[in-house]
J.: 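This is the structure I have questions about; it appears just below.
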Amino acid sequence: MYKIIEKKVLNKDIDIMKIEAPLVARNAEPGHFVILRVDKEGERIPLTIADIEGNNVVIIYQKMGYSTQLLGKKEAGDTIEDFVGPLGQKAHIRDKKHVIGVAGGVGSAPMLPQLKAYQEKGVKISLILGARNKDYLILKEEYEAICDNIYLATDDGSEGTKGLVTDVLEPLLKEDDTIDHVIAIGPVIMMKFVTLLAKKYSRSIDVSLNPIMIDGTGMCGNCRVSIGGKTYFGCIDGPDFPGEDVDFDELMSRQSYYKDEEHVCYLRLKQ
Ligand code: NAD
Ligand code: FES
């Protein structure tokens, strides 16, 4: 069993939790993820690690389905059944001079350890944080501590530029030729369009893919992604990959395979 040390509600859909897991904490690197189960019958929830604090692992999750809703009902002092990790490959921390992170919604959680690793190498860091409205712009203070420039974008204009993260990114890539690398983490559609811009302006790009995962150890094949015509497993080859040749359309279609079943479970919890 793993103890919840702290829980904070960031907004009505997103919580941050610190879980005591010394072995995971000791071995985790930026980009690694964990798979947790809330109880014995629980579904496996894959989550990229947002931070490490001593023996504790920080996770941030959006209560969008049955299992994340159940997790959201837990409080500090409660326990969860399993917390397995670190899983996956660590993020590629490349030899670059000025990296721009593009983080959409809850994708700002897995972005944080990567940008911290670049900042520790002395790389200049810019960041575009995008969300549907100002309540969903999370981790602003944490990013202010490590970034040289932060640009905000909201769909409704309640903070920062009114529009998509790509509306902010394009002029920056056009005008600032010191930017030599892009990292995009967020909805697949966002990562697709950020990758198209990176290619248009000849910048390298890394993305963090979130295919459906079950075992997280390369056994079930659910997390298959196509990159440059070859098949990779998100769980053991990723989740981070160079974005240029990712088949984002296939990933979006595979992500919706279990939508109907997920909706039925979600409604059951609401009853
Ligand atoms: P969201 O749907 O609120 O979108 C966040 C931002 O994405 C928006 O502010 C917008 O600027 C941008 N965006 C949306 N559509 C776009 C488009 N067509 N072109 C350019 N930009 C666009 O985000 P959310 O509800 O928080 O969802 C986050 C998603 O990120 C989830 O689907 C989750 O699975 C995924 N995620 C991925 C990882 C990962 O490791 N890859 C980690 C966490 C979350
Ligand atoms: Fe099963 Fe990757 S989650 S093979």
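Note that ligands are numbered from 1 as they come in the structure, with each ligand's atoms numbered from 1 the same way. Keep in mind it's a predicted model, so treat the numbers as computed, not measured. The chain is numbered in sequence order, starting from 1.
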J.: Indicate yes or no: does K18 engage D51 in a salt bridge with an N to O separation below 4.0 Å.
T.: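 Not counted as a salt bridge, because no side-chain N and carboxylate O are separated by less than 4.0 Å.
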J.: Under a 4.5 Å cut-off applied to non-hydrogen side-chain atoms, are I205 and K199 in contact?
T.: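 No, side chains not in contact.
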J.: Between ligand 1 and the protein, find all N/O pairs closer than 3.5 Å and give the distance for each.
T.:
unit_1: ligand 1; atom_1: 9 (O); unit_2: A131; atom_2: N; d: 3.0
unit_1: ligand 1; atom_1: 9 (O); unit_2: A131; atom_2: O; d: 3.4
unit_1: ligand 1; atom_1: 9 (O); unit_2: D155; atom_2: OD1; d: 3.3
unit_1: ligand 1; atom_1: 11 (O); unit_2: V165; atom_2: N; d: 3.0
unit_1: ligand 1; atom_1: 25 (O); unit_2: R132; atom_2: NH2; d: 2.8
unit_1: ligand 1; atom_1: 26 (O); unit_2: V106; atom_2: N; d: 2.9
unit_1: ligand 1; atom_1: 30 (O); unit_2: G186; atom_2: O; d: 3.3
unit_1: ligand 1; atom_1: 30 (O); unit_2: P187; atom_2: N; d: 3.2
unit_1: ligand 1; atom_1: 34 (O); unit_2: N210; atom_2: ND2; d: 2.6
unit_1: ligand 1; atom_1: 40 (O); unit_2: S208; atom_2: OG; d: 2.8
unit_1: ligand 1; atom_1: 41 (N); unit_2: S208; atom_2: O; d: 2.2

J.: Around K134, counting heavy atoms of other residues, nucleotides and ligands shown, do more than 12 lie under 6.0 Å from its NZ?
T.: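 Counting other residues, nucleotides and ligands, NZ of K134 stays at 12 neighbours or fewer.
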J.: Hey, are R94 and D206 close enough for a salt bridge, meaning a charged N less than 4.0 Å from a carboxylate O?
T.: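 Yes, R94 and D206 are salt-bridged.
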J.: Kindly indicate whether the side chain of N210, heavy atoms from C-beta on, has any atom under 4.5 Å from the side chain of P239.
T.: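 No, their side chains stay 4.5 Å or more apart.
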J.: Is it the case that atom NZ in K97 sees more than 12 heavy atoms from other parts of the structure closer than 6.0 Å?
T.: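 Count not over threshold, so no.
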J.: Stepwise, does the side-chain hydrogen bond (donor to acceptor under 3.5 Å, both in side chains) test hold for D15 with Y61?
T.: CA-CA 6 Å; D15 298 340; Y61 56 93; 2.8 Å; yes
J.: Would the number of heavy atoms belonging to other residues, nucleotides or ligands and lying under 6.0 Å from NZ of K3 be above 12?
T.: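 Counting other residues, nucleotides and ligands, NZ of K3 stays at 12 neighbours or fewer.
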J.: Got a second to check how far T48's OG1 is from M111's CE, nearest 0.5 Å?
T.: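 So the gap between those two atoms works out to 11.5 Å.
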J.: Which protein N, O or S atoms sit under 2.8 Å from atom 1 (Fe) of ligand 2?
T.: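 Under 2.8 Å from atom 1 (Fe) of ligand 2 - ignoring waters, which are not counted - the protein N, O or S atoms are D215 OD1, C220 SG.
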